[in-house]
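Presented below is the structure to which this report refers.
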Amino acid sequence: MRISKLFGKTLREIPAEADTPSHQFLVRAGMINQLSAGIYSYLPLGWRVLRKIENIIREEMNAAGGQEVNLPVLQPYEMLQLTGRDRAYGKSLFTLYDRRERPLALGPTHEEVITKLAGHYARSYRDLPLLIYQIQVKFRDEPRPRGGLIRVREFHMKDLYSFDIDEAGLDISYRKMLQAYQNVYDRCGLPSRLVEADSGAIGGKDSNEFMVIAENGEDEILYCPDCTYAANVEKAESVKEKIDNGEPLPVEEVATPGMWSIEQVAGFLKVPESHTLKAVFYIADGKMVFVVIRGDLEVNEIKLNNALKATELRMATEPEVIEAGIVAGAASPVGLKGFKVIADDSVTSGTNFVAGGNKHDTHIKNVNYPRDFKADIVTDIGLARAGDKCPRCDGVLTSTRGIEVGHIFKLGTVYSEKLGASFIDEKGELHPLIMGCYGMGLGRIMAAVVEINHDDKGIIWPLSIAPYHVYICMLSREGTPVSEEAEKLYEELTAAGIEVLLDDREESPGVKFNDADLLGIPFRVTVSPRTLEKNSVEFKKRSEKELQLVPLDKIVAKLQDLVKG
RNA sequence: CGGGGUGUGGCGCAGUCUGGUUUAGCGCGCAGCGUUUGGGACGCUGAGGCCGGUGGUUCAAAUCCACUCACCCCGACCA
């Protein structure tokens, strides 16, 4: 491709909208262009990168036994209601009405569609296992798109679904995908880290995310430097240290005038915050829920949501709390009736806690579970934090940020049961299909690669997904054969199957070098009067500083080796 | 949805507080001509804007007021 003819233009200045490196460089390089919040066009260079990523994914999915299909973008809203995902996705669902006023949704993902389809054709155990995938555009009306391609509302995604006869089969499919994902990231030059994850709106049991560690990532990851444990904070567990306060003592009311927060109460009574119990109030699907957790810990709302099996969860407002007759600042589950109480398992981790007295300016000492109060649910709803103990070993958890470039789930039978997708086993018995689903965002991979591989001049693409392999800087001057030689080289390289960008513009050398750096093409070849004097061209790798003179008759072979070898 | 910010040629910005001095300016980019040619060259000429939109105040509005839309950031929320 000749740059003089290439659609798209590089920008010298950083667009005001962009503040992450990937966003800035992709826009400045003329690879993507924003149409609206979270909605982007891909220009030729960007589209080539995306398609290369797509092809790598396709190859790996096929190698793992996947079969490619294409599913509809338009999905009947009714179908989403059947599985409850209209509510699970809520406002994130793009909905529209057809001419007969029937509601439709733009597919945010395709579990329902594929389950119906698989159920239609895979009737017998002989048809299983099955791995079906597609690479397609998805729509989610994100509350806040951000970071260029990192969080968008319309995005390209590979989604594969596995169908097995039993859990053991699902385990095999899951492991196959783990490996296939690893292969994809490796080939894209992306260091990824597998972490435990919450399954969110997709549902299901086990779930893992693939994270690229990057400071602009929007997820927080907790990991243990001493073992392999790593998890999204949404899911992360940690060891809650035991509080040894001796044998349970009789409860005792104490006056705590003006003391409101845990910090104040603990300070006033001269006990550590970990020796207190904190009450927090949520509205889960319209109902007040009383949440109890040890004073030094925070509630993880995702864990809470999962424990309550709620679809809508939010903190109660102050008026709601007062309305419910709760004494904010001194509330406790002791002697309280009429609320659903959910307690973090930390309440069982010690004895003789200080809790609210359900009267203003009053707290109670020596509260013990379950002697003095009971909870409807006791489970882990605490937020793990950096510095906490690793749940798997003696290590201490460390925090970092990451970009989620893939997410895989063991779904089990959630969808197949609701949608009636079943198969007949050897004995002629009917069973629901056992499913897994595996998503991967192409645009995010692209953005993550740029986040990881760039310098202050621009992008440094890995060869595997670079829009072109070679950038020819043609520094022509009248009366020299530079353009002839550059053209010739361009022809020869192209004929050899190498993808070449020829900078044939009438621009000064500085402009060309800077654009070459910005675009991030792996190999740069400069043809100039100076190099031709020595019957050579200058060769440079984008990732390195060294310049190298290469004889004209050797450069094609050299590049062939680098590109094909 | 809450908080903050920004909307002025393709891009980056100044002008807005204190209305008139503006025929709305600067840099980049763009077009033409000439000179240049190894890290974002130079000169000359030129095209391109109803100052996000609507309504108001005023003799007079990019500038003041009201409403509204869009985009960005933080949070909430969410793959």
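By convention in this document, chain letters (A, B, ...) are assigned in the order of the sequence lines, proteins followed by strands, and residues within each chain are numbered from 1.
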Using a 4.0 Å heavy-atom cut-off, does [X] contact any base of the nucleic acid, only the sugar-phosphate backbone, or nothing at all?
{"X": "E301(A)", "answer": "sugar-phosphate"}
{"X": "G406(A)", "answer": "nothing"}
{"X": "K457(A)", "answer": "base"}
{"X": "D515(A)", "answer": "base"}
{"X": "F155(A)", "answer": "nothing"}
{"X": "R146(A)", "answer": "base"}
{"X": "Q34(A)", "answer": "sugar-phosphate"}
{"X": "S36(A)", "answer": "sugar-phosphate"}
{"X": "R524(A)", "answer": "base"}

Test: salt bridge (Lys or Arg N to Asp or Glu O under 4.0 Å). Region: [range]. Which pairs qualify, not counting sequence neighbours?
{"range": "residues 518-530 of chain A", "value": "R524(A)-E538(A)"}
{"range": "residues 74-92 of chain A", "value": "R85(A)-E111(A), R85(A)-E112(A)"}
{"range": "residues 3-15 of chain A", "value": "none"}

Pull out every residue in residues 12-26 of chain A that has a heavy atom closer than 4.0 Å to any atom of RNA chain B, ordered by number, or say none.
R12(A), E13(A), I14(A), P15(A), A16(A), E17(A), D19(A)
Separation of M474(A) atom CE from G38(B) atom P, in whole Å?
15 Å
Taking every heavy atom of F94(A) against every heavy atom of F139(A), the minimum-distance pair comes out as CD1-CB, 3.6 Å
To the nearest 0.5 Å, atom OG of S543(A) lies from atom CZ of F523(A) at 7.5 Å
Which one, [options], comes nearest to the side chain of [X]?
{"X": "V511(A)", "options": "C11(B), A41(B), G38(B)", "answer": "A41(B)"}
{"X": "R28(A)", "options": "G40(B), C72(B), G38(B)", "answer": "G40(B)"}
{"X": "K9(A)", "options": "G40(B), C77(B), C30(B)", "answer": "C30(B)"}

Assess whether a salt bridge exists between D515(A) and R505(A), defined as any Lys/Arg side-chain N lying under 4.0 Å from an Asp/Glu carboxylate O.
yes
Charged N-O contact under 4.0 Å between R401(A) and D219(A):
no
Tabulated below should be each protein N or O lying under 3.5 Å from an N or O of nucleotides 33-36 of chain B; please produce it.
none

Under the ring pair (Phe, Tyr, Trp, His ring centres under 6.0 Å) criterion, do F290(A) and F281(A) qualify, and how do the steps go?
CA-CA 5 Å; F290(A) 198 106; F281(A) 320 105; 5.2 Å; yes
Donor-acceptor pairs are to be reported for all side-chain atoms of residues 147-156 of chain A against protein atoms at under 3.5 Å, with residues two or more places apart or in another chain.
| from | atom 1 | to | atom 2 | distance (Å) |
| --- | --- | --- | --- | --- |
| R151(A) | NE | E142(A) | OE1 | 3.3 |
| R151(A) | NH1 | E218(A) | OE2 | 2.6 |
| R151(A) | NH2 | E142(A) | OE1 | 3.1 |
| R153(A) | NE | A37(A) | O | 2.8 |
| R153(A) | NH1 | D141(A) | OD1 | 3.1 |
| R153(A) | NH2 | A37(A) | O | 3.2 |

